[in-house]
Amino acid sequence: MTAFVDTNVLVRHLTGDPPEQAARATRYLAGADGVLLPDLILAELACVLESYYETPRDRVAAILRSVLAFPPIRVQDADLLQRAVEVYDVHRLDFAEAYLVACAERTGLGVVASFDRSLDRVTTVRRVEPA
């Protein structure tokens with residue numbers, strides 16, 4: 001493992017913006033033995049691509065999947081992140097909510113406390129509203 005990778009390195013590599021930094025990011029990633037991608041950084045990547053770059057959700061989901069499959073990238077729980085991307089894509093939730101769903105499923109708890117009714121689209125977990 002060589003380093004933790006920050007969102008901006010991935011964004012530069014994926015978007016080519018700005019070109020000089022993009023080239024440096026791509027060179028770095030191509031030469032890395034392994035970089036650790038924290039879950040939070042994947043979530044931030046989804047947010048930046050959606051908000052700043054106005055990338056459509058299906059394209060963001062494809063990009064996230066390709067990042068997770070990129071050989072130098074290492075994550076703590078690939079299955080959890082793949083499931084979060086699936087929920088994000090299929091159920092059209094924000095990535096943070098999709099990640100919560102994946103965590104609730106993984107732990108077996110199956111319950112998410114939230115006021116966000118969009119979680120009700122996912123039948124594998126139960127949303128409870130704080131009273």
Side-chain angles (χ1 to χ4, degrees):
M1 207 67 56
T2 57
F4 283 91
V5 65
D6 194 4
T7 309
N8 56 40
V9 173
L10 296 172
V11 168
R12 302 295 176 253
H13 168 71
L14 293 165
T15 65
D17 178 37
E20 189 271 330
Q21 285 186 358
R24 290 171 43 204
T26 298
R27 267 193 314 276
Y28 177 79
L29 291 171
D33 284 337
V35 291
L36 188 59
L37 173 66
D39 298 357
L40 178 63
I41 299 305
L42 191 68
E44 187 178 34
L45 177 60
C47 182
V48 168
L49 291 173
E50 268 192 5
S51 62
Y52 185 80
Y53 288 94
E54 298 178 351
T55 307
R57 176 184 299 269
D58 61 334
R59 181 72 184 123
V60 171
I63 290 168
L64 296 179
R65 287 182 181 106
S66 70
V67 166
L68 291 172
F70 190 54
I73 297 292
R74 307 284 188 272
V75 296
Q76 284 190 305
D77 190 337
D79 291 338
L80 176 71
L81 291 176
Q82 291 287 358
R83 176 60 180 152
V85 173
E86 179 183 5
V87 171
Y88 164 82
D89 189 20
V90 172
H91 296 285
R92 307 197 60 76
L93 299 179
D94 289 340
F95 192 85
E97 281 75 26
Y99 183 81
L100 278 175
V101 166
C103 288
E105 291 172 347
R106 172 57 65 88
T107 62
L109 188 57
V111 179
V112 176
S114 177
F115 294 110
D116 189 344
R117 293 175 189 243
S118 67
L119 289 167
D120 296 338
R121 291 182 234 156
V122 184
T123 59
T124 57
V125 297
R126 182 171 57 90
R127 180 183 65 88
V128 296
E129 281 194 19

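The figures here come from the full heavy-atom set of this structure, side chains too, leaving out hydrogens, waters and symmetry mates.
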Problem set entry | Audit row: L36, V75, side-chain contact (heavy atoms from CB on, under 4.5 Å) steps and yes/no | CA-CA 6 Å; L36 188 59; V75 296; 5.7 Å; no

Check [X] against [Y] and note the closest heavy-atom contact, atom names and distance.
X: T2; Y: A32; result: OG1-CB, 4.2 Å
X: L29; Y: P72; result: O-CG, 3.3 Å
X: E129; Y: S114; result: CG-O, 3.4 Å
X: V60; Y: E50; result: CG2-CG, 4.0 Å
X: F95; Y: A84; result: CZ-CB, 4.0 Å
X: A61; Y: Y88; result: N-CE2, 4.0 Å

For this session: Supply the atom-to-atom distance I41 CD1 to D6 CG, rounded to the nearest 0.5 angstrom.
Result: 5.0 Å

For this session: Enter the distance from L40:CG to T7:OG1 here, rounded to the nearest 0.5 Å.
Result: 7.0 Å

For this session: Would you check if R57 and R92 make a side-chain contact, meaning some heavy-atom pair closer than 4.5 Å?
Result: yes

Exercise. Less than 4.5 Å apart, any side-chain heavy atom of L119 and any of V125?
Worked result: no

Problem set entry | Qualifying salt bridge (Lys or Arg N to Asp or Glu O under 4.0 Å) pairs, either residue in residues 60-74, two or more places apart | R65-D89

Could you name each residue pair satisfying ring-ring contact (aromatic ring centres under 6.0 Å, His included) that touches [range], not counting sequence neighbours?
range: residues 20-47; result: none
range: residues 108-128; result: none
range: residues 35-79; result: H13-F70

Exercise. Should side-chain heavy atoms under 4.5 Å link Ile, Leu, Val, Met, Phe, Trp and Tyr, which residues sit in the same cluster as L109?
Worked result: none

Exercise. Who else is in V128's hydrophobic cluster (ILVMFWY, side-chain heavy atoms under 4.5 Å, direct or via others)?
Worked result: V111

Exercise. Should L81 and L100 be regarded as members of a common hydrophobic cluster, given that ILVMFWY residues are connected when their side-chain heavy atoms come within less than 4.5 Å of each other, either directly or indirectly?
Worked result: no

Exercise. Does V112 belong to the same Ile/Leu/Val/Met/Phe/Trp/Tyr cluster as L80, with side-chain heavy atoms less than 4.5 Å apart forming each link?
Worked result: no

For this session: Carefully, step by step, assess T15 and L49 under the rule side-chain contact (heavy atoms from CB on, under 4.5 Å).
Result: CA-CA 9 Å; T15 65; L49 291 173; 4.2 Å; yes

Looking at residues at least two apart in the chain, or sitting in another chain, which of them share a salt bridge (Lys or Arg N to Asp or Glu O under 4.0 Å) with [X]?
X: E54; answer: none
X: E44; answer: none
X: R121; answer: none

Exercise. What do you reckon, is CG of D58 surrounded by more than 12 foreign heavy atoms closer than 6.0 Å?
Worked result: yes

For this session: Might you work through the side-chain contact (heavy atoms from CB on, under 4.5 Å) test for L45 and L37, ending with a clear yes or no?
Result: CA-CA 11 Å; L45 177 60; L37 173 66; over 6 Å; no

Taking side chain to side chain donor-acceptor pair (under 3.5 Å) as the test, write out the residues that go with [X], two or more places apart.
X: Q82; answer: none
X: T124; answer: E105
X: R106; answer: D77

For this session: State which residue, out of V48, V9, T26, I63, fulfils the side-chain contact (heavy atoms from CB on, under 4.5 Å) condition with L14.
Result: I63

Exercise. Do D94 side-chain atoms and A96 backbone N/O form a donor-acceptor pair below 3.5 Å?
Worked result: no

Exercise. Hey, mind stepping through V87 and Y99 against side-chain contact (heavy atoms from CB on, under 4.5 Å) and telling me if it holds?
Worked result: CA-CA 8 Å; V87 171; Y99 183 81; over 6 Å; no

